[in-house]
2 protein chains.
Amino acid sequence: MPTLVEVARHAGVTPATVSNVLRNRGRVGDATRERVLAAIATLGYTPHLSARALAEGRAPTIALMVSSIANPFYPEFALAVENALRRSGQFLIICNTDGDPQTGRAYLDQIAGTLSAGVLVMNANLDFADLRATERRGAPVVLCMWERPHAEPGLPCVAVDFRLAGELAAAHLLSLGHRRIGVIVGSKPSGIHAARYEGFLDAMRAAALDGTAAPVRYARDTTQGGHDAALELLQTHPDLTALFTTNDLPALGAMQAAADLGLDVPRQLSVVGITDIRLARESRPALTTVAVPTVEAAELAVALLRELIEAPDGAAGVGRESRMCVASAPRLVIRASTGPVASGALR
Amino acid sequence: MPTLVEVARHAGVTPATVSNVLRNRGRVGDATRERVLAAIATLGYTPHLSARALAEGRAPTIALMVSSIANPFYPEFALAVENALRRSGQFLIICNTDGDPQTGRAYLDQIAGTLSAGVLVMNANLDFADLRATERRGAPVVLCMWERPHAEPGLPCVAVDFRLAGELAAAHLLSLGHRRIGVIVGSKPSGIHAARYEGFLDAMRAAALDGTAAPVRYARDTTQGGHDAALELLQTHPDLTALFTTNDLPALGAMQAAADLGLDVPRQLSVVGITDIRLARESRPALTTVAVPTVEAAELAVALLRELIEAPDGAAGVGRESRMCVASAPRLVIRASTGPVASGALR
DNA sequence: CTGAAAGCGCTAACAT
DNA sequence: ATGTTAGCGCTTTCAG
């Protein structure tokens, strides 16, 4: 592969000049520029990105930490991230942590600041201490989907109002006349989906109902998890007419459980999810859900990270941990998995 | 961030020695090694991967070219690739081409050989000429899922016998008594899925049937594509009792079309796919399909690429384009979307 | 407007 | 067993 020096020789200039035309650093005469460009073209020269990274003190890559890229939501997000990065000439390294903080730390230690200029964190079960350490080593970190716009995580983040998402989903069910609603939370009790559950409780309260009386199950954030939880819920509470689920994947699982039980969705049971992953649209019946601004969040996250990376070390200090972008509000998407509560007791 | 030189100073040795203990290049006394290790620990030193890449003349990353990471099959494959790479201390850069050769070329030109040491190609609609050019620039390329074990692509590859997959799927349908089978091919007529369709034709021929008489539709390789094709097929050929689909995603779409038409799968219509993506297991009814060795293919691809990267430039010359690994055979996975052909004419 | 020169952090001969 | 010395390819002052 040709190097910049060869291009320079070919064009009869010095490396510095080639570098200048490459980076549009003004200081080059038109004739010279032409010659350099010609040399670049005939030699088929491409900058050596690793060399450039070293010289600039900044790699052109950023790392996306996820627990597993195979979780159906993450690829949609990763795609949006990659698109945003590509537009700004950066590259995406995918780091699967398998939900294991150790693996996450190993990744951070190895690449943050040396191979990637910054880190995007998408629900990867990382230690906050490790993330802080990463920042201290000079690689900014941003949390991609912080669920509580009204509580600072202590790390730069883009926030999405998932409490509101929960509220909208629940309100939708209530407006259809449902009162006996089962809840499936796709995380541990005080885990990542807690805000969504709070939204449910808020909606119930607003309707003068006691949300805490609604039966709830905590499940893994997977189809299977939702399936099993729904099965249990429906069997122990045969009077339920609707299921509020804190994420689409378990909601889809819940619909399968209903199918397994011979229950018609939405005639006998309504199911609502949160996020609006592609599968939600493609399931039968199509899933009613609360759409979250995935692409917008990805773009905000990339923009914020860029800012932090480019900020002079000093400037980053103050208020760095208080950098929070709030993405636009979630909105209800009514599809086929929810309907009015049956007049007669169907079940 | 501390540098190797600082570690050396701290330990009272020279950079070379630190480098040696880091890379286990023998030639270091035990006492010295201890001191160096101690210095590394107290300073929290981590090698600068970009610097190392430059000095070694080889980046620790490889690029995975895919048309869109959001296609449900790719993340499963990407996960397997990332796992394999992680084990060998390498990192994964995801390159979405959006199915556009231009975008693919831009990616290849930029990073191949400068930021990534090699390229894995997963059905990204790339120009072979561009891939050859990439090889010439010193970055080995391997095709991850070559569909024809018996035809050399002219580029190193791992092959999976998709013709056989098609044959197995079709034979399964035939064994259930189906004779009026519709075909949905998830690519252009002579496109990527051609071998799978040939497998179908072979199975028909083996049963002394005229496969070419079976109605066929070419669709996009998506749920929607399969849905639309199935709808058309079922409406124009109301006598069909089964659908052979060359990929799981369109097969899933076909099942939805059946649902839309009020057809019961598998009682009135059997549907079979190919690949066995996770969704196949999770759909209702669960999809009968022919499983393809995804993880194995990913591991073979990574191993082959590594070999090519490490091969001395000269050695790589001969037989390089004839490097083909064949992954183990696909196998039929019978689930709930296929059943015996109805005795009475149900439709 | 262009050239010369000093690194960026690490590796790899080659000396000692 | 350890030290010396060049680079890897590029960027970036600072001179001219």
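Note: hydrogens, waters and symmetry copies are ignored here, and every other heavy atom, side chains too, is used. Within every chain, numbering begins at 1; the chains are lettered A, B, ... in the order of the sequence lines, protein sequences first and strands thereafter. What you see is a predicted model, and the numbers here were worked out from it, not measured in a lab.
Residues meeting the side-chain hydrogen bond (donor to acceptor under 3.5 Å, both in side chains) test with E76(A), sequence neighbours left out: none. Residues that satisfy the ring pair (Phe, Tyr, Trp, His ring centres under 6.0 Å) test with F91(A), not counting sequence neighbours, are Y107(B). Legend: residues meeting side-chain hydrogen bond (donor to acceptor under 3.5 Å, both in side chains) with S68(B), ordered by chain and number and at least two apart, are absent.
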May I have the list of side-chain donor-acceptor pairs in residues 52-67 of chain B shorter than 3.5 Å, sequence neighbours left out?
unit_1 : atom_1 : unit_2  : atom_2 : d
E56(B) : OE2    : R23(B)  : NH2    : 2.4
R58(B) : NH2    : I309(B) : O      : 3.3
T61(B) : OG1    : L115(B) : O      : 2.2

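Regarding R35(B), its CZ atom lies at a distance of 10 Å from the C1' atom of dT2(D), rounded to whole Å. Rounded to an integer number of Å, the gap from R58(B) CZ to dG7(D) P is 21 Å. Going from atom CG of N24(A) over to atom C1' of dC1(C) covers 15 Å, rounded to whole Å. Atom CG in L115(A) sits roughly 15 Å away from atom C1' in dC8(C) (whole-Å rounding). Nucleotide dT2(C) holds its P atom 20 Å from the CZ atom of R9(A), rounded to whole Å. Rounded to an integer number of Å, the gap from M1(A) CE to dG9(D) P is 8 Å. Rounded to whole angstrom, the span from the CD atom of E6(A) across to the P atom of dC8(D) amounts to 10 Å.
Heavy atoms of V18(B) sit nowhere under 4.0 angstrom from any nucleic acid atom. Residue T32(A) is classed as a sugar-phosphate contact, given heavy-atom separations below 4.0 Å to backbone atoms only.
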R87(A) vs E299(A), test: side-chain contact (heavy atoms from CB on, under 4.5 Å). Steps then yes/no. CA-CA 11 Å; R87(A) 269 179 254 128; E299(A) 284 167 356; 3.5 Å; yes
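Each end of the helix from dC1(C)-dG16(D) to dT16(C)-dA1(D) gets its own rotation axis from five pairs of C1' atoms, and the angle between them is 40° to the nearest 10 degrees.
Annotation: side chain of V141(B) is not in contact with side chain of R132(B) (no heavy-atom distance under 4.5 Å). Residues N83(A) and D98(B) have side chains in contact (heavy-atom distance under 4.5 Å, counting atoms from C-beta outward). Side-chain contact between L22(A) and Y45(A) is present, with heavy atoms from C-beta onward closer than 4.5 Å.
Taking only side-chain nitrogens and oxygens, T17(A) comes nearer than 4.0 Å to OP1 or OP2 of dG3(C).
Listed here is the closest heavy atom pair of N96(B) and T103(B): O-CG2, 3.9 Å.
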Could you list the protein-to-nucleotides 10-13 of chain C atom pairs, N/O on both sides, closer than 3.5 Å?
unit_1  : atom_1 : unit_2 : atom_2 : d
dC10(C) : OP1    : Y45(B) : OH     : 2.4
dC10(C) : OP1    : H48(B) : N      : 3.2
dC10(C) : OP2    : L4(B)  : N      : 2.3
dT11(C) : OP1    : R23(B) : NH1    : 2.4
dT11(C) : OP1    : R52(B) : NE     : 2.5
dT11(C) : OP1    : R52(B) : NH2    : 3.2
dT11(C) : OP2    : S19(B) : OG     : 3.0

